[in-house]
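I have placed the structure first, in the form of structure tokens, so that the comments after it can refer back to it.
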Amino acid sequence: MDRVAGTTTDDLVSRVVRMLDDSWRVRQGHPYTTVVPLSGTEKTPLQGWKIHLSSVPESAAVLLERVVPLLRDQKAVFKFATDRDVVRWLASRECGRAESGKVIAVYPASERCAVSLAINLHAATEDLQGPRILTDREFRPGSIVHYRFGGFTDFSRYDSDGVRRFLLRRPDGSLQPDNRESWYDPPPWAPCPFVTQERPAEEATDGGAPTLAGRYVVDFALRHSTKGGVYAARDTRTGQAVVLKHARAFTESMPDGGDARTALRREEANLQQMRSAGIPVPATSGTFTADSDLFLVEERLPGIHLGEWIARLSEGGGVPGSRALPMARRLVALVASVHAEGYVFRDLAPTNILVGLDDTLSLVDLEEARLVGTHGVPRGTRGYLAPELRSNVGGRQATVAEDLYSLGGLLFLLATGTDPVLPDDDSPMALLPRLRARLSLSTRHREPSAAIAAAALGLLRDAPAERHNLKKAETVLAEGTAAVLPRPTASDSPELWDLPDQRRLLTDGLAYLEAGMAPDEDRLWSSSPFGSRTDPCTVQHGAAGILMTLLHAGRLTSARTAAEWLRTHASRPGSPCPGLYFGRGGTAWVLAEAGHALGDERFSEKAVELARALPTTWPNPDVAHGLAGAVLTHLHCQWRSGDTDLLERAAACTDGLRRAAAPGPTGPLWPIPDDGASRFSGTSHYGFAHGAAGVGYALLASGLLLGRADAMDLAVETGRMLCRLAQIDDEGGVLWTAGPGSAERLPHWCSGASGIGSFLVRLHACTGEQLFGDYARAAARTVSNSRWRASSAACHGLSGSGQYLLDAAELLADETYREWGAGFVPLLATRHCYRGGRLLIPDETNTRIVPDYQTGAAGVLDYLLRLGDRSSRPFYLDDLMASEYARGHNRTAAHGRREVKRD
């Protein structure tokens with residue numbers, strides 16, 4: 001049927017098509033199919049009161065049968081979930097709370113039409129069931145018809161951070177964000193046209209804290225999801241601290257008609273049974289209902305989740321043996337005690353185990369636990385869910401083997417400090433060889449992790465029948481340091497046991513980048529969900545960063561195609577910020593490189609045009625979004641083009657950085673103004689992407705290349721401030737927090753040791769000041785020591801940290817750091833997967849393959865290329881500043897090195 005774009009293979013789409021004539025256009029997509037009348041759409045406004053209807057999968061077809069005729073008669077634009085799997089997903093924990101439940105969305109032509117439709121839709125669906133939609137208000141209590149005020153189209157613009165935001169237009173013509181949060185929040189200038197029956201106001205005590213069931217005061221949320229939440233609360237009658245577990249009605253639909261409430265009732269029974277058997281679980285105090293939702297009251301046990309316990313203790317990749325081996329044995333004993341009662345966890349994960357002060361264990365979150373042999377849909381945690389359960393939509397019988405795999409995952413976490421999470425592969429069952437490679441690397445460097453790793457490997461076998469039982473795991477753990485990892489057998493595939501070599505990572509990765517180009521699309525390369533909301537021409541998630549890697553690799557044919565696309569699309573409105581990573585500064589930088597590498601003046605001219613269009617005043621001073629990035633861009637583009645006007649613009653940006661400096665107790669900081677325009681508003685940072693290190697590097701460049709003594713002095717002062725703030729660890733490394741008031745100490749480029757070291761090592765090279773060299777060396781040690789738990793990415797992981805180690809090798813004239821950086825390659829390789837026969841490395845989540853420079857494949861490949869060819873680091877001015885580095889080396893040649901001393 002010509003009016004249907006796409007195939008109508010699902011019966012929901014077919015049903016809707018049968019109810020419409022040729023005056024309608026049906027555009028099938030995923031997750032939604034859109035339906036638009038071919039006439040009358042000019043009356044549809046850009047924003048207004050929209051209507052949403054929810055559903056359970058079982059009644060989705062009935063819902064459409066009743067609703068579509070009403071929408072057809074009103075000639076209303078609407079969209080609906082394309083199939084029942086989407087309906088199921090919309091009410092599952094995997095769906096975001098702001099998107100959940102919206103099976104049908106209707107865009108009425110007027111407020112009068114909206115009210116009329118809501119009345120008729122409610123009457124037609126009053127007996128149907130569906131979850132409450134969190135962003136909306138119910139038309140009537142218990143109705144599946146909901147409404148909210150919002151945009152009808154994707155009317156949006158890039159904000160000051162370079163991220164696309166949906167917008168609403170106020171009555172006076174000004175714009176405001178269309179905040180699509182998980183609660184009902186209409187703008188004050190949009191009075192509600194619906195006559196509603198309000199829910200009774202929720203009781204509040206203790207200064208506004210919500211009270212449930214007349215006695216439980218909620219202190220804070222432990223977590224939220226579409227299916228409900230978990231809240232720390234107090235019982236006002238007894239004074240006891242409790243946990244409230246919340247199951248929202250009609251979420252997490254099950255084939256037998258149950259939902260999240262069914263699982264919560266099952267958890268109550270499981271807890272009572274296990275507690276009576278002496279298993280350490282919280283006591284329960286019954287359930288209560290509110291608005292059809294179910295709440296379970298549990299004892300609030302002391303302790304922290306196992307994952308947090310491991311994170312606090314992990315050193316060099318895993319928990320020290322003196323704590324790890326006893327914990328591994330306790331975990332095996334805990335699983336054995338549950339199995340002895342005839343139960344299977346089905347969701348044995350770090351968040352479901354509490355560790356007390358004396359390392360004793362307790363179990364929480366047992367809603368998925370079932371008796372052995374009973375049937376159900378497994379809903380476990382990624383990385384800990386057995387392979388045979390991962391595509392089991394219809395459910396299967398619970399077996400002990402499922403828990404054995406999950407236990408292996410916990411032991412993997414103990415040994416490595418990281419979750420056993422890997423991206424999907426062409427061979428989804430071939431997980432063990434990849435996990436085994438990671439464990440093998442870990443145990444080469446640490447004792448007694450070999451025993452834990454060996455036990456983990458016996459449990460993590462893909463085939464359920466081949467997994468070691470608990471007795472075997474106990475035996476291996478009892479061997480302690482005498483345990484060794486099993487070597488591959490004759491049946492093991494050698495190419496899966498051995499790590500893939502660096503050449504294959506490069507050739508396949510570059511082929512993936514080239515194959516992924518879509519020159520006819522508005523985005524040259526696909527990105528992650530967040531990346532797709534950023535300017536497609538930028539470095540962080542856009543075409544500029546990936547093009548830089550293609551240029552570095554000498555893939556000039558593909559690079560020319562990408563540069564043509566970038567030159568054309570950079571003429572369109574984009575990110576307003578001047579930064580190097582999220583702004584058009586990075587676009588100009590890469591086009592200047594393309595013009596130089598490809599010998600094409602058109603790219604060079606476009607680069608200068610873009611650089612001249614960058615703002616020279618901007619509230620954010622940082623490298624990623626703001627003025628520091630603009631300074632570097634102007635200097636780079638001037639070097640490539642010879643355009644002296646760009647030097648004046650660089651000087652103007654430098655003046656802005658000097659004005660933005662705020663004196664602090666330890667030295668200058670660059671706070672981002674608290675005006676609400678940026679998600680970083682009101683904060684100060686130390687790191688390279690968002691803070692002092694990146695600003696300091698831009699000032700250093702201005703000091704040297706513009707002859708600005710004031711900028712040089714401020715850069716040196718910034719470097720000394722960062723050295724004062726460094727926290728020296730027991731292994732001779734240094735760490736910084738993200739900024740004032742932050743407690744977490746970070747090792748990566750964006751906000752940690754790698755990025756700060758990238759500034760300090762260049763400051764040392766230019767000034768010859770030994771202090772900066774000392775801290776640069778200590779930062780390199782930190783970066784190397786933190787490699788075991790790092791992601792693969794440039795922004796927050798191994799690729800960016802490896803780039804810094806290559807900087808240190810060159811600028812400190814010490815090949816040791818290059819050797820450390822080369823040691824990152826096997827760790828990158830352990831994360832590999834095969835997609836379409838290509839060997840690829842996942843993004844920073846370790847679950848997706850994306851081409852992005854800062855978070856995905858392009859950044860990894862750029863690091864591997866530089867490791868092999870010893871080229872300069874992209875997006876730094878090292879080639880331009882090389883003579884200053886040489887003078888700095890001469891000034892320090894006579895001085896020996898000294899270690900950073902502890903206070």
Side-chain angles (χ1 to χ4, degrees), residues 31 56-58 84-97 99-101 131 222-230 243 245-271 274 281 293-296 298 305-307 335 338 343-353 363-410 419-422 424 428 431 464 845 847:
V56 295
E58 294 75 20
R84 287 181 179 82
D85 285 342
V86 173
V87 177
R88 187 174 291 105
W89 171 77
L90 287 167
S92 72
R93 69 187 80 184
E94 286 79 24
C95 180
R97 298 173 73 231
E99 295 78 34
S100 66
L222 296 168
R223 66 174 179 269
H224 278 300
S225 74
T226 290
K227 77 181 185 72
V230 181
V243 169
K245 294 202 66 177
H246 173 206
R248 293 180 56 228
F250 308 116
T251 60
E252 296 279 271
S253 294
M254 302 175 186
D256 60 3
D259 61 17
R261 295 170 297 181
T262 309
L264 193 58
R265 292 189 183 97
R266 182 171 61 244
E267 177 169 13
E268 181 184 26
N270 290 340
L271 290 171
M274 291 187 191
V281 297
D293 294 353
L294 184 69
F295 291 80
L296 172 63
E298 298 180 5
H305 289 134
L306 178 64
V335 173
V338 172
Y343 281 92
V344 174
F345 285 96
R346 298 214 115 175
D347 190 14
L348 181 59
T351 55
N352 297 344
I353 299 172
L363 294 170
V364 293
D365 294 336
L366 292 170
E367 63 191 61
E368 298 300 330
R370 294 178 182 271
L371 290 169
V372 174
T374 58
H375 189 276
V377 177
R379 303 177 189 272
T381 302
R382 187 181 181 105
Y384 298 88
L385 187 65
E388 65 269 19
L389 303 180
R390 291 172 192 169
S391 59
N392 233 291
V393 177
R396 58 180 290 152
Q397 288 185 338
T399 67
V400 167
E402 301 167 18
D403 284 354
L404 297 177
Y405 187 91
S406 302
L407 176 60
L410 295 178
D419 294 306
V421 174
L422 289 168
D424 293 333
L431 290 168
T845 70
T847 61

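These numbers come from the heavy atoms of this one structure, side chains and all, not from hydrogens, waters or symmetry mates. Model, not experiment: these values are computed from the prediction.
Contacts of R266 classified as side chain to side chain donor-acceptor pair (under 3.5 Å), with partners at least two apart in sequence or in another chain: none. Not counting sequence neighbours, the partners of T351 by the side chain to side chain contact (heavy atoms under 4.5 Å, CB included) test are A349. E268 is linked by a salt bridge (Lys or Arg N to Asp or Glu O under 4.0 Å) to nothing, counting only residues two or more places apart in sequence or in another chain. Contacts of D259 classified as salt bridge (Lys or Arg N to Asp or Glu O under 4.0 Å), with partners at least two apart in sequence or in another chain: R261. For E58, there are no side chain to side chain donor-acceptor pair (under 3.5 Å) partners two or more places apart in sequence or in a different chain. Scored by the side chain to side chain donor-acceptor pair (under 3.5 Å) test, T381 finds D347 as partners (sequence neighbours excluded). Among residues two or more places apart in sequence or in another chain, the salt bridge (Lys or Arg N to Asp or Glu O under 4.0 Å) test is passed with D365 by R223, K245. By the side chain to side chain contact (heavy atoms under 4.5 Å, CB included) test, P31 pairs with V86, sequence neighbours left out. Looking at residues two or more places apart in sequence or on another chain, you find a side chain to side chain contact (heavy atoms under 4.5 Å, CB included) between A386 and E388, L389, Y405, R467. Considering only residues two or more places apart in sequence or on other chains, R93 meets the side chain to side chain contact (heavy atoms under 4.5 Å, CB included) condition with S225, K227, E252, E367, E368, R379. Partners of D293 by salt bridge (Lys or Arg N to Asp or Glu O under 4.0 Å), not counting sequence neighbours, listed by chain and number: R132. Under the side chain to side chain donor-acceptor pair (under 3.5 Å) criterion, R248 pairs with no residue at all, not counting sequence neighbours.
Contact of the L410 side chain with the V335 side chain is not registered, since no non-hydrogen atoms from C-beta on lie closer than 4.5 Å. Side-chain atoms of R346 and P378, non-hydrogen and from C-beta on, do get closer than 4.5 Å to each other. Contact annotation: the side chain of L366 never approaches that of Y343 to less than 4.5 Å [non-hydrogen atoms, C-beta and beyond]. Proximity of L348 to I353: side-chain heavy atoms (C-beta onward) are separated by under 4.5 Å at one or more points.
Once rounded to the nearest 0.5 Å, the distance linking CG of L294 with CG of L264 reads 5.0 Å. Taking CZ of R84 as the start and CG of L90 as the end, the distance is 14.0 Å to the nearest 0.5 Å. Atom-to-atom distance recorded for S406:OG and Y384:OH is 9.5 Å, nearest 0.5 angstrom. Taken to the nearest 0.5 Å, the CD atom of E402 stands 8.0 Å off from the CG atom of L385.
A donor-acceptor contact shorter than 3.5 Å is absent between the side chain of T226 and the backbone of S100.
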